[in-house]
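Comments concern the structure below.
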Amino acid sequence: MLEDANLDENTTNALDKEEAKAWGTRFEVEGREYAASLFWQPLQNRDDPYTEVIEASESVLEGADLFALKPGKAPQFGLCISFQGYAKKMPAAAVTVATALSDRTSFLAVFKVSNGWWYVCARNDMILVDGDMLFLNEEDAKEQFMSMLAVPDWGRKIAPVEWGLEETEPISLISLLSKGSESYLQKVHALRGAKLFGLVAVIGILSVWLVSTLINSVFLAPPPKPIIAPVPVRKIETTPPPPEPKPWESIDDPQAVMLNCFKATQDVVGIVTPGWKINGITCTPTGLVTSWSREVGRLTWIDKALTDSGITFTSKSISPNGTDMIVSVPIEDIKKVNSPPEKNEVDLINTINDLFQAIQMPISMSNETWTSPKKTVFKSVKFSFSSNHDPLQWIDLLTKFSGLKITTIKYDINNNNWYYEGAIYVL
């Protein structure tokens, strides 16, 4: 039923979407809430950042309505979506910690916070595109930390003391938050500059007109005539509040995620880099991240190979000793779909187990819940498995399940192995 994975140049399709690890959007430190899990991008125009932010909110992270700015030698902006739990004027935790550690150009850290484990890392003064994540599960945070720990030349390596990792140091998050500069979430489409001045002028004119009208109507108007007939009471009809949106009503199209991730993986694997070895590839609905390590080549060789590839990179960073190149690659825009669940938790788990037993494939599953701002609990079944078959071979099988979301797809070129992570909403 499944064919062997193939990354030939003749392959024309790309992979569907993938489910991300369980993550949160904010955590609390000493009674104050901080925003986490922002999508960070490099800022090209320091003088007019808002135009760049608006363009990214319409193309890179569709629907983003809040952002924060990170100053410094490598300025950036982070995007987020308010309905996921963010709020205006909430401080962005990654900016505060990055400025507190500005004496080092690179750092890798995980902090135990009130509701999970916050992972944050930066290379060459830039927060990586997936370098600001609040994981709800400790094993997810540790897996992400260990995968990046293999990259050399971190200026600081910070981890919880209970992990017992050598060459890491436990640093108090409270002390870092008290030292760094703060950047607050603000609206993407807020009025600024000439628009704000124009609005103030209009309000001033209206205020003058209103005062003049009140003077004429109160002090200069003739006395009112007595009311003879009773005035009927008007009934004001109230509009009921809109129904609460359900998470499966707007999820990334899983088929598009798998196709786009597969195509992006093909593109980076096809780059010819003499003297450099490509490492693992990780793809999510927001983009792809990979790296190369130097064996016998030179820095100019890898730089020329990336330039000649014709691929557009979201970011490129080089380790201080010039032996590692980390890149981020955007993937095509993925539409949102409405995919309501069809099975309850028990039936879905039994169905998936039976299906994977039939093809003699192991799969790991666990229960997962998410509570909405209105305290509604939504349930899903989280799954993960490894396979030598590429995403094109798994599309027809996985997309049979309504309520499916694909969060992560990884590819290990050394053993031709794919790793899939996702979740399926249940009744």
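We're numbering straight along the sequence, starting at 1.
- Side-chain contact, Q393 with W418: no donor N or O sits under 3.5 Å from an acceptor N or O.
- Distance check, rounded to the nearest 0.5 Å: CG of L108 to OG1 of T168 gives 9.5 Å.
- Side-chain contact of D303 with T300: a donor-acceptor pair under 3.5 Å is absent, judged by distance alone.
- At most 12 heavy atoms of other shown residues, nucleotides or ligands fall within 6.0 angstrom of atom NZ in K379.
- A salt bridge (charged side-chain N to carboxylate O under 4.0 Å, His left out) check over residues 335-358, counting only residues at least two apart or in different chains, returns the pairs D252-K336.
- Once rounded to the nearest 0.5 Å, the distance linking CG of L69 with CZ of F77 reads 9.0 Å.
- Side-chain rings of W23 and F135 stay apart, their centers remaining 6.0 Å or farther from each other.
- By the neighbour-count criterion of 12 heavy atoms within 6.0 Å, atom NZ of K375 is sparsely surrounded, having that number or fewer from other residues, nucleotides or ligands.
- Here CD of E421 is found 6.0 Å from CG of D140. Values are rounded to the nearest 0.5 Å.
- Counting only N and O atoms by type, the side chains of S339 and S402 include a donor and acceptor under 3.5 Å apart.
- Under the ring-ring contact (aromatic ring centres under 6.0 Å, His included) criterion, Y86 pairs with no residue, sequence neighbours left out.
- Under the 4.5 Å side-chain criterion, counting only non-hydrogen atoms from C-beta, L38 is not in contact with L79.
- Annotation: salt bridge (charged side-chain N to carboxylate O under 4.0 Å, His left out) contacts involving residues 158-174, sequence neighbours excluded, comprise R156-E169, K157-E167.
- In this structure a side-chain-to-backbone donor-acceptor pair under 3.5 Å is missing from T51 to D48.
- Not a single donor-acceptor pair under 3.5 Å links the side chain of S364 to the backbone N or O of F383.
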I'd like to know whether E139 forms a salt bridge (Lys or Arg N to Asp or Glu O under 4.0 Å) with K382, so could you lay out the CA-CA distance, the side-chain angles of the two residues, the decisive distance to 0.1 Å, and finally the verdict.
CA-CA 14 Å; E139 58 271 20; K382 180 181 177 181; 5.9 Å; no

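- No side-chain heavy atom of P49 sits less than 4.5 Å from a side-chain heavy atom of N45.
- Rounded to the nearest 0.5 angstrom, C261 SG and D390 CG are separated by 12.5 Å.
- Under a cutoff of 6.0 Å and an axis angle of 45°, K142 and W163 form a cation-pi pair.
- Legend: salt bridge (charged side-chain N to carboxylate O under 4.0 Å, His left out) pairs involving residues 75-100, not counting sequence neighbours: none detected.
- We find the CG-CD1 distance between D253 and I334 to be 8.0 Å, quoted to the nearest 0.5 Å.
- Note on residues 321-334: pairs passing side-chain hydrogen bond (donor to acceptor under 3.5 Å, both in side chains), not counting sequence neighbours, are D153-N321, S293-D324, S315-S328, S319-N321, N321-T323.
- By the side-chain contact (heavy atoms from CB on, under 4.5 Å) test, N415 is found to be paired with D412, N417, residues two or more places apart in sequence or in another chain being considered.
- No hydrogens or angles considered: a donor-acceptor pair under 3.5 Å links the side chains of E244 and S372.
- Ion pair K400/D396 not flagged as a salt bridge, since none of the NZ, NE, NH1 or NH2 atoms sits closer than 4.0 Å to an Asp/Glu carboxylate oxygen.
- At distances below 3.5 Å, at least one donor-acceptor pair connects side-chain atoms of S37 with backbone N or O atoms of L134.
- Looking at F145 and L165, their side chains come closer than 4.5 Å, going by heavy atoms from C-beta outward.
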Under 3.5 Å, which donor-acceptor pairs do the side chains of residues 59-66 form with other protein atoms, sequence neighbours left out?
residue	atom	partner	partner atom	Å
S59	OG	E55	O	2.8
D65	OD1	S82	N	2.9
D65	OD2	S82	OG	2.6

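- Rounded to the nearest 0.5 Å, atoms CG (L397) and CD1 (I359) are 5.5 Å apart.
- When each of V329, V129, L128 is checked for a side-chain contact (heavy atoms from CB on, under 4.5 Å) with V289, only V129 meets the rule.
- Evaluation of the salt bridge (charged side-chain N to carboxylate O under 4.0 Å, His left out) test over residues 30-44, restricted to residues two or more places apart or in two chains, returns R26-E33, R32-E182.
- Applying the ring-ring contact (aromatic ring centres under 6.0 Å, His included) test to F385 and every residue at least two apart in sequence or in another chain returns F356, W394, Y420.
- A side-chain donor-acceptor contact under 3.5 Å links K70 to the backbone of A74.
- Note on residues 103-127: pairs passing side-chain hydrogen bond (donor to acceptor under 3.5 Å, both in side chains), not counting sequence neighbours, are W118-D132.
- Between F27 and L173 the shortest side-chain heavy-atom distance falls below 4.5 Å.
- Every residue two or more places apart in sequence or in another chain was checked for a ring-ring contact (aromatic ring centres under 6.0 Å, His included) with F313, and none qualifies.
- Listed by chain and residue number, K304 satisfy the side-chain contact (heavy atoms from CB on, under 4.5 Å) test with D308 (two or more places apart in sequence, or in another chain).
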